[in-house]
Amino acid sequence: MNRTTTMPTLFDCTRDDLARHLDGHPRYRVDQIFQALYREFKFPAEITTIPLGLRTTLESTLPTALEYVTESVSDDGSTVKFLWQLDGGSRIETVLMLYPDRSTVCVSTQAGCAMGCGFCATGQAGFTRHLSSGEIIEQVVRAARRAHELGRRVSNLVYMGMGEPLANEDAVWASLERVHDDIGISARHLTVSTVGIVPGIQRLAERPLPVNLAVSLHAANDTLRNELVPINRRYPLAVLIQACGHYLEQKGRRLTFEWALISDVNDRTQDALELADLCRSLRIPAHVNLIPLNPTPGYLVQGSSRQRVQEFCSHLQSLGVNATIRRNRGTDIAAACGQLAAGRSVKITSRRS
Ligand code: SAH
Ligand code: SF4
């Protein structure tokens, strides 16, 4: 258990933790409970395979961590953003995206974020605290429960919600392991997105699962990246790219660079050329995911126009880079990349696209 507050919650418990907690009960109870929690997405009161007394004990001694506050559903119903309140009062968000061919959950790993990227609503709100593994896992379980009610199965998980996953690597790793082992999502469908915390990338490289790594690059020279992503001053591009190369060698997975396109800041010809060089410098060429910058209240610079996004993408492709444009989900409910601020955001007025 690695909870940041003293009381462990239900989803913080590993099988061994639960076995210790249920001391005196037969071991198969742990398997029944794990089956119900992680395959059927039931809460203790609903687990009819175990005796009523045990259900009640579980409820009172191992509470859940997320208190439901509200949810927003996009106009077409395919994106749901949940708002939860944590112990201590912080609020976080989880997004469920239903595509025709897959369902993806996007989880938060911290309440707020300390990295201070100016274009990101989470960064604008500052850091409150780390989430425990249980608080991360419970987001997946609750989103999977909703998907299940809609006749869908969660197939993919991305760590791209509020917070910097690799600044909270222990809890993130514990959650990855549980999601992989107990919910049964394979490593190729698990993606951790990082702003470039080099020690975190190194630690994740030593972990046994080959999960996908996405690095939020946004600039391919240190001068611009220092400005857009302040943590670049601590872990400059050369060091970051070296860590990415090591990760690729360890895992044999393709790396993704995320690039939020900001008009006249990082969408120029020169930016495409620099980015293409950087992609080619890795032994396994990186994939580039272009994200049209989503509007946030505290950042007045505009995202690139649709046409510019398309041109930038084509230019990269002509340079031999595997680049795609991310389908933007949930801008109408401020659930898209960088817009998660747990209800703190004011009305967004400068929507493009
Ligand atoms: N902290 C991690 C993961 C959460 S942010 C990271 O930075 O990678 C998830 C993604 O949204 C990152 O790629 C981030 O750069 C991007 N993002 C942040 N603000 C954005 C915005 N306003 N528009 C588009 N993408 C944004
Ligand atoms: Fe934090 Fe990622 Fe937002 Fe930067 S982009 S402030 S690292 S959540």
Side-chain angles (χ1 to χ4, degrees), residues 92-95 97 104-131 136 139 157-169 172 190-198 200-201 204 211-219 224-235 240 244 255-263 265-267 286-304 309 324-331 334-342 344-345 348 350-353:
I92 55 149
E93 293 174 332
T94 308
V95 185
M97 289 160 281
T104 301
V105 175
C106 174
V107 289
S108 296
T109 54
Q110 298 177 317
C113 183
M115 299 298 139
C117 310
F119 51 84
C120 167
T122 309
Q124 289 158 16
F127 176 75
T128 306
R129 73 162 170 90
H130 291 305
L131 266 56
I136 301 171
Q139 294 173 63
L157 172 60
V158 295
Y159 288 70
M160 293 187 186
M162 297 168 70
E164 169 46 45
L166 296 186
N168 187 16
E169 201 269 347
V172 164
L190 301 170
T191 301
V192 173
S193 175
T194 179
V195 70
I197 307 284
V198 167
I201 297 174
L204 196 63
V211 302
N212 301 309
L213 187 65
V215 173
S216 300
L217 205 64
H218 310 310
L224 181 58
R225 199 163 191 270
N226 284 344
E227 213 178 287
L228 294 177
V229 178
I231 197 71
N232 191 70
R233 295 190 190 122
R234 174 123 38 111
Y235 307 114
L240 174 60
C244 291
L255 178 80
T256 302
F257 286 139
E258 292 163 288
W259 192 280
L261 280 158
I262 309 169
S263 185
V265 172
N266 65 356
D267 67 350
H287 173 103
V288 173
N289 203 203
L290 299 170
I291 319 168
L293 185 85
N294 290 311
T296 56
Y299 193 67
L300 298 175
V301 175
Q302 299 234 301
S304 309
V309 171
T324 48
I325 301 171
R326 180 177 295 171
R327 283 183 275 176
N328 237 336
R329 276 301 186 112
T331 36
C337 295
Q339 291 188 310
L340 302 182
R344 246 180 283 203
S345 59
I348 290 159
S350 64
R351 186 175 317 150
R352 293 177 71 93
S353 74

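Below, each value reflects all heavy atoms present in this structure, side chains not excepted, and no hydrogens, waters or symmetry copies. Numbering of ligands and ligand atoms starts at 1, following listing order. Because the structure is a prediction, the values reported are computed rather than measured.
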Original post:
Hey, which atoms in ligand 1 end up nearer than 4.0 Å to a heavy atom of E164?
Top reply: 1 (N), 2 (C), 6 (C)

Original post:
Nearest protein heavy atom to atom 20 (C) of ligand 1, by residue and atom, and its distance?
Top reply: G338 CA, 3.3 Å

**OP:** Using distance alone, determine whether Y159 and ligand 1 share an N or O pair under 3.5 Å.
**Re:** no

Original post:
Any side-chain heavy atom of L131 sitting closer than 4.5 Å to one from I92?
Top reply: yes

Subject >> Non-hydrogen side-chain atoms of V95 and V105 separated by less than 4.5 Å >> reply: no

**OP:** Apply side chain to side chain contact (heavy atoms under 4.5 Å, CB included) to T324 and H287, showing your working.
**Re:** CA-CA 8 Å; T324 48; H287 173 103; 2.8 Å; yes

Subject >> Residue pair V211 / T191, side-chain heavy-atom distance below 4.5 Å >> reply: no

Subject >> Where ligand 1 meets T296 - atom numbers and elements under 4.0 angstrom, heavy-atom basis >> reply: 22 (N)

Original post:
Would N289 and R326 count as having a side-chain donor-acceptor pair, cut-off 3.5 Å?
Top reply: yes

Original post:
Going by the atom numbers of ligand 1, which of them fall below 4.0 Å from some non-hydrogen atom of T194?
Top reply: 6 (C), 8 (O)

**OP:** Return a yes/no value for R326: is any of its N or O atoms, backbone included, closer than 3.5 angstrom to an N or O of ligand 1?
**Re:** no

Original post:
Can you tell me if H218 has a non-hydrogen atom under 4.0 Å from ligand 1?
Top reply: yes

Original post:
Is any side-chain heavy atom of V192 less than 4.5 Å from a side-chain heavy atom of N212?
Top reply: no

Subject >> Heavy-atom side-chain contact between T109 and E164 under 4.5 Å >> reply: no

**OP:** Mark up the atoms of ligand 1 that fall under 4.0 Å of a heavy atom belonging to N294, in ascending order.
**Re:** 21 (C), 22 (N), 23 (N), 24 (C)

Original post:
Hey, does F119 come in under 3.5 Å of ligand 1, counting only N/O atoms on both sides?
Top reply: yes

Original post:
For atom 9 (C) of ligand 1, what is the nearest protein heavy atom, given as residue, atom name and distance?
Top reply: M160 O, 3.4 Å

Original post:
With side chains defined as the heavy atoms from C-beta onward, is the minimum distance between V309 and S304 less than 4.5 Å?
Top reply: yes

Original post:
At what distance is the nearest protein heavy atom to atom 25 (N) of ligand 1, and which residue and atom is it?
Top reply: C337 CB, 3.4 Å

**OP:** Ignoring hydrogens, just give me the one of G196, G123, S216, C113 whose non-hydrogen atom is nearest atom 12 (C) of ligand 1.
**Re:** S216

Original post:
Taking atom 4 (C) of ligand 1 as the point of reference, which of P165, C106, G161, A167 owns the nearest heavy atom?
Top reply: G161

Original post:
Hey, which atoms in ligand 1 end up nearer than 4.0 Å to a heavy atom of E258?
Top reply: 13 (O)

**OP:** For this output row, return yes or no: ring centroids of H218 and F119 closer than 6.0 angstrom.
**Re:** yes

Subject >> Validation row: V107, L157 side chains within 4.5 angstrom (heavy atoms) >> reply: yes

Original post:
Does the side chain of D267 come within less than 4.5 Å of I262's, by heavy atoms?
Top reply: no

Original post:
What atoms of ligand 1 come within less than 4.0 Å of a heavy atom belonging to I291?
Top reply: 24 (C), 25 (N)

Subject >> For G163, atoms of ligand 1 separated by under 4.0 Å from a heavy atom >> reply: 1 (N), 2 (C), 3 (C), 4 (C)

**OP:** Name all residues meeting the side chain to side chain donor-acceptor pair (under 3.5 Å) criterion together with S193; count only those two or more places apart in sequence or in a different chain, and write none if there are none.
**Re:** E258

Original post:
Hey, which protein N/O/S atoms does atom 3 (Fe) of ligand 2 have under 2.8 Å?
Top reply: C120 SG

Subject >> Reported CG-to-CD1 distance for the pair L166 and I231, which is rounded to 0.5 angstrom >> reply: 11.5 Å

Subject >> Nearest heavy atoms of T122 and G163, plus distance in Å >> reply: CG2-N, 3.7 Å

